[in-house]
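Everything below concerns the one structure shown next.
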Protein chains: 2
Amino acid sequence: MNKLSKLVELAPDDVAMLEAVTARSRKYAARQDVICEGDRPGPVFVLLEGWACRYKILPSGTRQVMAFLMPGHSCDLHVNILAEMDHSIQAISPAMIATISRSEMQEILDDYPNIARAMYAAQPIDEATMRAWIVSMGRRSSIERAAYLMCELYVRARSIGLADDDSFAFPLSQRILADALGMTAVHINRVLKELQLRGATELNRGSPDIIDPIKRVQIAGFDENYLHRRLNNTF
Amino acid sequence: MNKLSKLVELAPDDVAMLEAVTARSRKYAARQDVICEGDRPGPVFVLLEGWACRYKILPSGTRQVMAFLMPGHSCDLHVNILAEMDHSIQAISPAMIATISRSEMQEILDDYPNIARAMYAAQPIDEATMRAWIVSMGRRSSIERAAYLMCELYVRARSIGLADDDSFAFPLSQRILADALGMTAVHINRVLKELQLRGATELNRGSPDIIDPIKRVQIAGFDENYLHRRLNNTF
DNA sequence: CGGCAAATTGAGGTGCCTCAAGCTCTGTGG
DNA sequence: CCACAGAGCTTGAGGCACCTCAATTTGCCG
C-alpha cells in the first residue's frame, strides 16, 4: 500500500492513517474467492500481501482472467455504482486483505486529499493495463502474449519491490496463465517450453518460479516506450 | 453529453455550464485522428456527435481497436498523469468534438460537484466494458464475439437515444469491426454472413446499417444480467 | 504412502489466417 | 453523364496455430 502510494507525496499523517486502516486485515487461502460474481459490492478491499486476480466464468465453463492484482491494489473503489459484481475476485497465493467499509472509505477520501489523489492516480494506470491486455489478446500470437504478460508482471512486481533486476517470484500456475491469456493449459505449456528454448525465460515447475531479465523477454515484443516510462517511474 | 449525464441529477446551472463549454467545438472528418500515440496529452476531449475509437498499431502493422466512443464520452479525463498517449483516437464517422483545456476542466470539476460526480460515475462503466471486451477476446468464438460487440454497441447507442427498439444506425465498416474483434477483414465478412443466415442480424452494406432486435443476437451469447441491468438503467 | 492438482506429451481436428482475385459501391473529373 | 479510381466488400483455396481428447508423469501434502 505504501508502495503503491509512491504515486503521490504522502504526509506523515497520511501514512499513519493508512497503517491504521490497514491493521484490520484478514488472511485468504490460495484459490479462495474474495468476492463472487453476482454479489452486491460490499466494502472496499485492499490487497496487502500476495496476488489476486479478477476473473469470470462463462456459461461454457471456460474461465477468463482479466486482471492480476498485486500488493497495494485496491478493488472496486467505486464499483458500488453498479448493482452487482460482474466478475469474481480470487486470491492466487495466500493473501492478506484489508477491508474498509464504504462510509469509512468516503471519509478517508474526503479528509485525506493526498490519499484520494493517489487512489485516483492509480486508476488510469489500470486502464492502460487493460487496454494493453486487449491489444495482446487481439493481435499477438500466443508466445508473444505470454512473454508480454510476463514483462508486464515483472515491471509491476518490480515497481513495488517484489522483483530483483533479473528474476522474481512468479506465483502463477500454468492453468491460471492459460486462463489469463485466453488459451489452453496444454498450449501454454508448449509455449513456455518454447520460451525456455529461446532463452527468454526460465521457469521451474511447481514452486515459485524464476524469470530471466526482461531484456530477453522483450525479444518477444514488449512495448519498450511503455516499459521505460514505467521503469523510470514516470509511472 | 446531457445524455450521458443522466447518471446523476443535474441542476440547471450544471446544464448551462455544460452547454457553454460545449459550444466551442470542432468538426472531424471520418477516419481523422483526434490524437495520436506518442502525443503529449493536451486538453480533454468530449465527443458531441459521431463515433470514435481508441486504437493502437503494432510493429507488425496490424491494428487493434480497444474501445468505441459514442456521443457523451470524454477522453482521458486524467490521462495527463501519463507522460504520453499509449494509443491513438480516431473519428469513425464525421464527428463533432469539444475541447476543454486542462485547467478549465479542473475548475469545472471543482466548482460543479454534480458534473464531477457524473464524470467519475462514467468511469467504472468504461472499465466494466473493457473487462467484458477482454473476456470476449479470450474466450468467445469469432461469431460470439461479433454478436456480443453488436449487443454492447446497441445497448450503449440506445442508452443515449441513438437506437430504436429493433434497429440502429451502425456506422462501422467491416475493416474496423475486424480490428476491434481481433480478426481479419476476410473473416469478419464470413462471420457476418453467418449471423445473417442465422437471422441474428441484418446488415446492409456500405451505408449505415441495420441490426435486428437484441433478442436474436442474444442467441450468440450476451450476458443477460449485464444486459438487463443496463436496459433497466441501473446503468 | 496414497490422493490430488499440476505439468507433460502425443495425435488428430478445426477455426481462423494468408494470399489472391474479382466485385460493388461512391465520388470525382472530364 | 460517363469513365475511372479507390475503398470496401466477397469469395475461393490452402495452411498453420491452437484446440480437443486422452493418457502419463511429477511433485506436494497430510
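Throughout, a chain's letter reflects where its sequence line sits, starting with A, and its residues are numbered from 1.
Residue B:Glu37 forms a side-chain hydrogen bond (donor to acceptor under 3.5 Å, both in side chains) with just one option from B:Arg54, B:Lys56, B:His87, and that option is B:Lys56.
When rounded to the nearest whole Å, the span between CG of B:Leu192 and P of D:dC9 equals 9 Å. Following rounding to the nearest Å, B:Gln196 (CD) and D:dC9 (C1') show an atom-to-atom distance of 12 Å. As a whole-Å value, the separation of A:Leu177 CG from C:dA6 C1' is 13 Å. The CD atom of B:Glu194 sits 16 Å away from the P atom of C:dT14 (whole-angstrom rounding). When the C1' atom of C:dC17 is taken as reference, atom CG of B:Asp179 falls 14 Å away, rounded to whole Å.
A close approach under 4.0 Å does not occur between any side-chain nitrogen or oxygen of B:Gln174 and OP1 or OP2 of D:dA7. Within the 4.0 Å cut-off from OP1 or OP2 of D:dC9, not a single side-chain nitrogen or oxygen of B:Lys193 is found. An OP1 or OP2 oxygen of D:dT10 is reached within less than 4.0 angstrom by a side-chain nitrogen or oxygen of B:Asn189.
Smallest separation of non-hydrogen atoms from A:Arg131 and B:Asp86: NH2-OD1, 3.8 Å. For A:His187 against A:Met183, the heavy-atom pair with the smallest separation is CD2-SD, 4.0 Å.
Sorted by first then second residue, the salt bridge (Lys or Arg N to Asp or Glu O under 4.0 Å) pairs that include residues 177-188 of chain A, not counting sequence neighbours, are A:Arg63-A:Asp179, A:Arg175-A:Asp179, A:Asp179-B:Arg139. Judged as a salt bridge (Lys or Arg N to Asp or Glu O under 4.0 Å), the pairs with a partner in residues 185-195 of chain B (not counting sequence neighbours) are, in order, B:Glu194-B:Arg198.
Shown here are the side-chain contact (heavy atoms from CB on, under 4.5 Å) partners of A:Val34, two or more places apart in sequence or in another chain: A:Tyr28, A:Phe45, A:Ile89, A:Ile97. A:Ala163 meets the side-chain contact (heavy atoms from CB on, under 4.5 Å) test with A:Tyr154, A:Ala157, A:Arg158, A:Phe168; sequence neighbours excluded.
Each end of the helix from C:dC1-D:dG30 to C:dG30-D:dC1 gets its own axis from five base pairs, and the two axes differ in direction by 40°, given to 10 degrees.
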Every protein N/O within reach of nucleotides 18-20 of chain D N/O, cut-off under 3.5 Å:
from: D:dC18; atom 1: OP1; to: A:Ser142; atom 2: N; distance (Å): 2.9
from: D:dC18; atom 1: OP2; to: A:Ser142; atom 2: OG; distance (Å): 2.7
from: D:dC19; atom 1: OP1; to: A:Thr184; atom 2: N; distance (Å): 3.4
from: D:dC19; atom 1: OP2; to: A:Thr184; atom 2: N; distance (Å): 3.4
from: D:dC19; atom 1: OP2; to: A:Thr184; atom 2: OG1; distance (Å): 3.3
from: D:dC19; atom 1: O5'; to: A:Thr184; atom 2: OG1; distance (Å): 3.3

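Distance check: B:Met85 CE to B:Arg40 CZ gives 12.5 Å after rounding to the nearest 0.5 Å.
Relative to the ring axis of A:Phe68, A:Arg156 does not place its NZ or CZ within 45° and under 6.0 Å from the centre.
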